[in-house]
Amino acid sequence: MGVLIRTERLSLNFGGVIAADNIDFSLEEGERLAVIGQNGAGKTTFINICTGFLKPTGGRVWFDGKDVTGMEPRHIVRLGLGRSFQLPQLFLDHTVRQCLEISAAARSGKLSFLLPLARSVDAREIDHTLELVGLRDRSHELASSLPEGQRKLLDVAMALMLNPKLLIMDEPTSGVASEDKHDLMATLMRALDERKVTSWFVEHDVDIVSRYATRVAAWIAGKVAADGPPAEVLASEAVRREILGTA
Amino acid sequence: MARLYDIRVMTVLGSLLCLILGLAFPWSKTPIIVGLCFGIATLGVAAMVRAGQVSFGHAMYACIAGYTVAFLARAWPQLDGLLLILAGVGASLLAGAIVGVFVVRYRGIFFGMLNLAISMVLFSVIGKFYTLTGGTDGLRINRPTLLGFEFERAGFETVLLIGTLAAAIGLGFLVQRYFQSASGEALAGIKTNETRLEYLGLSARRVLWNGYFFSAGLVGLSGALFAMVQGLVTPDMGSWLRSGEFVFIAILGGSGHAIGAFLGAAVFELVKLFAAAYMTGVWQLLLGVTLIFVILVAPEGIIGLLMKKSALATRRGG
């Protein structure tokens, strides 16, 4: 098992606010990392730096052995990093199926000019992914017509179509009704296991974290305050006091 | 989605109408060719509209192609018309490739205004360099040979009509293929979500540049053909008013399908002809009212309305 992503003394200041404070972090292949922390603790900022959306003011990031510090997101994505967002980033004027087809076509890096989109990708692969995330019935509806939970699934599915080595999901269950959260996570994890994708998700629900993660990292004020097996991290003093509010 | 069948029927009927009218009433050849030229140019502008971008400067590519035709035809009168047209398209593609590098960095109002600004610089330069460009009087072009044949005016116009119609059908088909290809759908993705394009490993600027490059070539072809049929090029070919007309037609016809550009151009030309005959002086008013009507009744343009009707009919089992 190799190290998939690693950061060294990664830092970012927004004016006086320290959003990332000298973070040394690494993630191995095969892990399922849950990131917890209060709003504003710097969880999404850290993802944004690692995926090239924000440039760090100090430190470096390596992905799959390559220094990707300051690279554009699209170049990091091409190295095998997929990402879904807290607010799903979909092509709202396209159908659910077309969204996945565009992803599949993008994977090769060369978009055809005259071949119809549907014929430039493997239809069975699209069907399979639609089935996997339970969107088969809605494949011909516009992405804009989906309810929030299904938008999240489509957002993840679009990232999955790229066959990434690592999938980062920012709050995949936020905005989803609590009774549906476990179904959604079970669906996602099934999809990730099937493709042997290493995953990293931001999550607030402790039940979900302890059930689906193999490792938990707790963010407090731009730092990784605790990192380790779920039971250990969730029981630690700082996490209980600062994040869970149970101490 | 409008059924393919409908589009084919519309294309065949429209083409026949152009040919029959053109041959039966020789005076109508020029307005029909001009209408088709507007349609071809609008294909390019519609590609930008699909990306959510409205350019108020695209007529500059018609102007560049038109003046290329004029310069070459005056320098080498023996050059064949087809070569002149190809050279015009080549010049507009080259200009589009270079200008595109800059303008694809901008979106929305900035994209529209930057195109407008560049087109106005060109417009002024052509207007000022009287000795080279003939200033606002423009340049006359003597009728060239076409594929090696010399034609009288009537024959020349007939050949241009057939050639322009063939180009319109062929390009309409190709542009529609482009719209539905991976590149074309990614282009439409610029309108809704550039972040996602980036996180699919694609460069939104590159995707838009491709579309911009094609659109410059399409508008350029329309300008080259326009120059040939008029036998004259003037700076007005590249004025922002002309660019505005392309945008007008794109909105009128709709950008849901390539044929929308030609439906829009047909309505535009008909309104203009009708107004010139019966409502001289207020033809802009008539165009304005038409546009307001279309925006209120069919915000997706004429083709959007037809596609919606067709989808409803299909759902009802029609």
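Residue numbers begin at 1 in each chain, while the letters A, B, ... track the order of the sequences.
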Turns out that what part of A/Leu81 lies under 4.5 Å from chain B's heavy atoms comes down to neither
So, the part of A/Glu101 with a heavy atom under 4.5 Å from chain B: the answer is neither
Whatever's closer than 4.5 Å to a heavy atom in chain B on A/Thr51 counts as both
Q) Any chance CD1 of B/Ile109 has more than 12 other-residue heavy atoms, nucleotides or ligands included, within less than 6.0 Å? A) no
Checking B/Leu202 against A/Leu111 for the side chain to side chain contact (heavy atoms under 4.5 Å, CB included) test, could you report, in this order, the C-alpha distance in whole Å, the side-chain angles of both residues, the deciding distance, and whether it holds? CA-CA 9 Å; B/Leu202 299 172; A/Leu111 301 180; 4.1 Å; yes
Whatever's closer than 4.5 Å to a heavy atom in chain B on A/Ser103 counts as both
If one checks every heavy atom of A/Met158 against chain B at 4.5 Å, the contacting part turns out to be both
Checked B/Tyr199, B/Tyr178, B/Phe214 vs chain A; the most non-hydrogen pairs under 4.5 Å come from B/Tyr199
All heavy atoms of A/Arg74 vs all of B/Ser203, minimum pair found to be NE-CB, 3.5 Å
In this structure, CD of B/Gln180 is separated from OG of A/Ser120 (nearest 0.5 Å) by 11.5 Å
inquiry  = Are there over 12 heavy-atom neighbours, none belonging to A/Lys55, within less than 6.0 Å of that residue's NZ?
reply    = yes
Given A/Ile102 and B/Leu200, is the side chain to side chain contact (heavy atoms under 4.5 Å, CB included) satisfied, shown in steps?
CA-CA 9 Å; A/Ile102 295 172; B/Leu200 292 179; 4.1 Å; yes
(request) Check step by step if side chain to side chain contact (heavy atoms under 4.5 Å, CB included) holds for A/Leu92 and B/Asn193. (result) CA-CA 8 Å; A/Leu92 292 174; B/Asn193 205 323; over 6 Å; no
The interface call for A/Ala106 against chain B, heavy-atom contacts under 4.5 Å, is both
**OP:** Mark yes or no for whether B/Ser181, through its side chain, and A/Leu117, through its backbone, hold a donor-acceptor pair below 3.5 Å.
**Re:** no
Is there a side chain to side chain contact (heavy atoms under 4.5 Å, CB included) between B/Arg196 and A/Asp155? Walk through the geometry before answering.
CA-CA 9 Å; B/Arg196 180 43 87 190; A/Asp155 196 38; 2.5 Å; yes
| said: Would you say that more than 12 heavy atoms from the other residues, nucleotides or ligands in this model lie under 6.0 Å from the CZ of B/Phe110, or not? | reply: no
Assert top hit (heavy-atom pairs under 4.5 Å, partner chain B, pool A/Asp93, A/Ile76, A/Leu79, A/Leu114) equals A/Leu114
More than 12 foreign heavy atoms under 6.0 Å from CD of B/Glu300: is that the case here? no
Of all heavy-atom pairs linking B/Gly201 and A/Arg78, the shortest is O-NH1, 3.2 Å
Over 12 non-hydrogen atoms of neighbours within 6.0 angstrom of CZ in A/Phe53: no
Smallest heavy-atom separation, B/Thr192 atom then A/Phe91 atom, equals OG1-CA, 3.5 Å
ask   = Does CZ in B/Arg105 sit with more than 12 non-hydrogen atoms of other residues, nucleotides or ligands closer than 6.0 Å?
value = no
Looking only at A/Val77, A/Leu162, A/Leu90, most heavy-atom pairs under 4.5 Å shared with chain B are made by A/Val77
Rounded to the nearest 0.5 angstrom, the NE2-CD distance for A/His75 and B/Glu198 is 8.0 Å
